[in-house]
Asker: 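Below is a structure I'd like to ask you about.
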Amino acid sequence: MLKLMTKHARGYKLPTILTPLFVMVEVFLEIFIPTLMANIVNSLQETPLPDDIVNIVVTNGLLMVASAVASLVFGALAGRTSSIASTGFAKNLRAELFEKIQQFSFANVDKFSTASLVTRCTTDVNNAQTAFMQLTRVVFRAPTMLIMATIMAFRLNPDLSVIFFVAIPLLGIAMAVLVVKVHPMFRKMLKCYDHMNATVQEDLVAIRVVKAFVREEHEIEKYRDATEGVRVSQLAAEKTMVLINPIANIVMYGTTIALLFVGGGEIIDGHMKAGDLTALMTYSAQILMSVMMICFISVSLVLSRASLQRINEVLLEEPDIKDGAGDFEVEDGSIDFDNVNFSYSNNAENLTLENINLHIKPGQMVGVIGGTGDGKSSLVQLIPRLYDVLEGSVKVGGRDVRDYNLHNLREGVSMVLQKNVLFSGTIKENMLWGNENATDEEIIAACKVAQAHDFVSSFPDGYETDLGQGGVNVSGGQKQRLCIARALLKKPKIMIMDDSTSAVDTATDAAIRSALRSEVGHMTTIIIAQRISSVQDCDMIVVMNDGKINDIGTHEQLLERNTIYQEIFNSQQKGVAEQ
């Protein structure tokens, strides 16, 4: 935990170092005050009063005021440097977490879940920030106060100080037991937070579906169950933590009674001065408050430790997909699948794709068709290495995709996924995701190929139209066409369209394919579709069935010899006829 914190304090080491130094000066000044107070009380108790009693009271009083003011100043400085260091630490930690997540493959993200990663980047980092602040400030203050106050108390009266050596271990042992017991409760609570966040995320993403099916009550009940889980787990931890105060109070009040009982007797016997007992009582409060502070910090650090462990799990996770050694670009759009087996679980007994052999020449337009779950999307996701093969190889431009630098490989391959995603901002800003240096002319040209220019031009603000979060201001078909245009701006060697024209009409679909062939005919294009009309004019059509390639051919060849293709064609033709 300390190693993780030290590493992410880079750039803020000076305030991190200054904070404990300021704290120790603050504590020293606070420790000095009871001694000055004891001097005043003892002087006033003497009979007859010393001749310089006024000088003693004034001098010690001014020193007390000066010590209190100086202690306040150093405490404020410690608070400032601690805040600077802890916020800087949190910034560095969030940045590294986000950078690490960007390196994750889909399999890595699936392992943690999106909601859990969000919790780790927010709630867990906030807990870690609190722990860092406590480590640089409170963790130094409490032990320093405990040690120095104990030394001063021992100097005043060694016999009475024995009381502290009984009280401190009692309080420490009790708190240690509570800390050990509460740690797994905090771990469980954070998992409940993950579940609650996942519920919120799912509901907000699918809010239109929820309303369309009138399932608001069901979703509200589901969220109540999730929040109830958080409440129950949090309550279990709080029930244990609440014991801290009564235990600490029992020890503190017991120590005070013991000091007054024994110390009062020694004052009556003349073995101790009243000022020394007053100072001893103050040191007693400082000592026991320090022990309590250490206990509270321990509980807080238990929660932070659970969060830091969760953060560390992400930072130590090895991405499934790593950069290849080769620093070369994709030379052409040829694609070769050689004896490929693939499984999402990396289990040879549970294959998603089996014995795939497929060879695509540069510039070809290839259609992929098949039923739901037959492996069409899985097949094309291996090309830009969104997943890696279990056995065999996938080659792009004559090179194994695992040999490419991921940036170069994915720059050469554009992919329009089944789930079209647009980001908050204008249409133009979204287009620049494809090529940040694209000119207005290039953006318009890409949109024309994707049959998007006409509807964009119809908007009052044209390409400066704000899409809203996730592109809520455009229809599904418009969103698909904008995503195609964005992918084209990369000027890739290979273009993959994963059912990305499902929301457009057949005429627009045909116009897109015609424009792709005429305007960017040098580009290899792979079209996954449910409609045969979307792939029938392709150079080659791949029929998938149960994770295997069932047949490869042109529309005419498959219509003549392939049963699966015939069934799909006939069912769709029948549907058209019935309309």
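Not measured: the values here are computed from a predicted model.
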Asker: So among Arg94, Lys91, Glu96, which one has a side chain to side chain donor-acceptor pair (under 3.5 Å) with His8?
Answerer: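 Of the listed options, the one satisfying the test is Glu96.
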Asker: Take a 6.0 Å sphere around NZ of Lys222 and say whether it holds more than 12 heavy atoms from other residues, nucleotides or ligands.
Answerer: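 Result for NZ/Lys222: enclosed.
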Asker: Can you confirm whether Lys100 is buried at NZ, in the sense that more than 12 heavy atoms of other residues, nucleotides or ligands lie under 6.0 Å from that atom?
Answerer: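 Correct, the count exceeds 12.
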Asker: Please determine whether side-chain hydrogen bond (donor to acceptor under 3.5 Å, both in side chains) holds for the pair Arg231 and Thr227, giving the CA-CA distance in whole Å, both sets of side-chain angles, and the decisive distance to 0.1 Å.
Answerer: CA-CA 6 Å; Arg231 186 192 71 82; Thr227 55; over 6 Å; no
Asker: May I ask you to check whether over 12 heavy atoms, not counting those of Phe455, lie within 6.0 Å of atom CZ?
Answerer: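 More than 12 within 6.0 Å, yes.
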Asker: If you draw a 6.0 Å radius around CZ in Arg80, do more than 12 non-hydrogen atoms from other residues or ligands fall strictly inside?
Answerer: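 Counting other residues, nucleotides and ligands, CZ of Arg80 stays at 12 neighbours or fewer.
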Asker: Could you tell me whether Tyr12 and Phe89 have their ring centroids closer than 6.0 angstrom?
Answerer: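 Ring centroids of Tyr12 and Phe89 are no less than 6.0 Å from each other.
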Asker: Quick one, Arg410 and Leu386 - any side-chain contact, counting heavy atoms below 4.5 Å?
Answerer: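 In short, these two side chains touch, coming nearer than 4.5 Å.
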Asker: I'd like to know whether Leu467 forms a side chain to side chain contact (heavy atoms under 4.5 Å, CB included) with Leu482, so could you lay out the CA-CA distance, the side-chain angles of the two residues, the decisive distance to 0.1 Å, and finally the verdict.
Answerer: CA-CA 11 Å; Leu467 290 172; Leu482 288 173; 4.3 Å; yes
Asker: To check you understand the geometry: which heavy-atom pair defines the closest contact between Val413 and Pro384, and what is its length?
Answerer: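 Scanning both residues completely, I find the closest heavy atoms to be CG1-CB, 4.1 Å.
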Asker: Using every non-hydrogen atom in the two residues, find where Gly370 and Lys376 come nearest and quote the distance to one decimal.
Answerer: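 Scanning both residues completely, I find the closest heavy atoms to be O-NZ, 3.3 Å.
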Asker: Please test Val474 against Phe459 for side chain to side chain contact (heavy atoms under 4.5 Å, CB included), starting from the C-alpha separation and ending with a verdict.
Answerer: CA-CA 10 Å; Val474 291; Phe459 296 148; 4.2 Å; yes
Asker: Counting only heavy atoms not in Glu436, do more than 12 sit closer than 6.0 Å to its CD atom?
Answerer: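 No - once you tally the heavy atoms of other residues, nucleotides and ligands closer than 6.0 Å, there are 12 at most.
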Asker: Can you find a side-chain donor-acceptor pair between Ser233 and Tyr193 that sits under 3.5 Å?
Answerer: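 Absent: no donor and acceptor within the cut-off.
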Asker: For a quick test of reading the model, state the closest non-hydrogen atom pair linking Cys192 to Gly229 and the distance between them.
Answerer: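 Looking at all heavy atoms of both residues, the closest pair is SG-O, 3.6 Å.
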Asker: Determine the minimum heavy-atom distance between Gln286 and Ala149, stating which atoms define it.
Answerer: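 Closest approach of Gln286 to Ala149, heavy atoms only: OE1-CB, 4.0 Å.
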Asker: Assess the residue pair Val389 and Ile356 against the criterion (side chain to side chain contact (heavy atoms under 4.5 Å, CB included)); give the C-alpha distance rounded to whole Å, side-chain angles, the decisive distance to 0.1 Å, and a yes or no.
Answerer: CA-CA 11 Å; Val389 299; Ile356 302 296; over 6 Å; no
Asker: Grab the two heavy atoms, one from Asp499 and one from Ala529, that are nearest each other, plus how far apart they are.
Answerer: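 Scanning both residues completely, I find the closest heavy atoms to be OD1-CA, 4.0 Å.
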Asker: Would you name the heavy atoms of Ala9 and Thr16 that are closest together and state the gap between them?
Answerer: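 Answer, listing the atom of Ala9 first, then Thr16: CB-OG1, 4.2 Å.
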Asker: Hey, is the main chain of Glu429 close enough, under 3.5 Å, to the side chain of Thr426 for a donor-acceptor pair?
Answerer: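 Checked: pair present.
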Asker: Looking at Arg402 and Asp400, is any side-chain nitrogen of the basic one under 4.0 Å from a carboxylate oxygen of the acidic one?
Answerer: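 Yes, this pair counts.
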Asker: Is there side-chain contact between Met495 and Leu488, with heavy atoms separated by less than 4.5 Å?
Answerer: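 Yes, at least one pair of side-chain atoms sits under 4.5 Å.
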Asker: Take atom CZ in Arg531; do more than 12 heavy atoms of anything else shown fall under 6.0 Å from it?
Answerer: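 Yes, CZ of Arg531 has more than 12 neighbouring heavy atoms, counting only those of other groups under 6.0 Å.
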Asker: Set out, in order, the CA-CA distance, both residues' side-chain angles and the distance that settles side-chain hydrogen bond (donor to acceptor under 3.5 Å, both in side chains) for Asn108 and Ser105, then state yes or no.
Answerer: CA-CA 5 Å; Asn108 292 120; Ser105 67; 3.0 Å; yes
Asker: Can you list the steps and then say if Leu353 with Leu382 is a side chain to side chain contact (heavy atoms under 4.5 Å, CB included)?
Answerer: CA-CA 11 Å; Leu353 296 174; Leu382 299 177; 3.8 Å; yes
Asker: Does Phe98, at its CZ atom, have more than 12 non-hydrogen atoms belonging to other residues, nucleotides or ligands within less than 6.0 Å?
Answerer: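 Result for CZ/Phe98: open.
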Asker: State plainly whether the residues Glu313 and Arg310 are in salt-bridge range, i.e. N to O under 4.0 Å.
Answerer: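 A salt bridge is absent here (no side-chain N lies under 4.0 Å from a carboxylate O).
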Asker: Quick one: does Ser86's side chain have a donor or acceptor within less than 3.5 Å of a partner on Met133's backbone?
Answerer: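 Answer holds: no.
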Asker: Whether the Thr123 and Asn126 side chains hold a donor-acceptor pair (N or O, under 3.5 Å, no angle test) is what I'd like checked.
Answerer: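 No.
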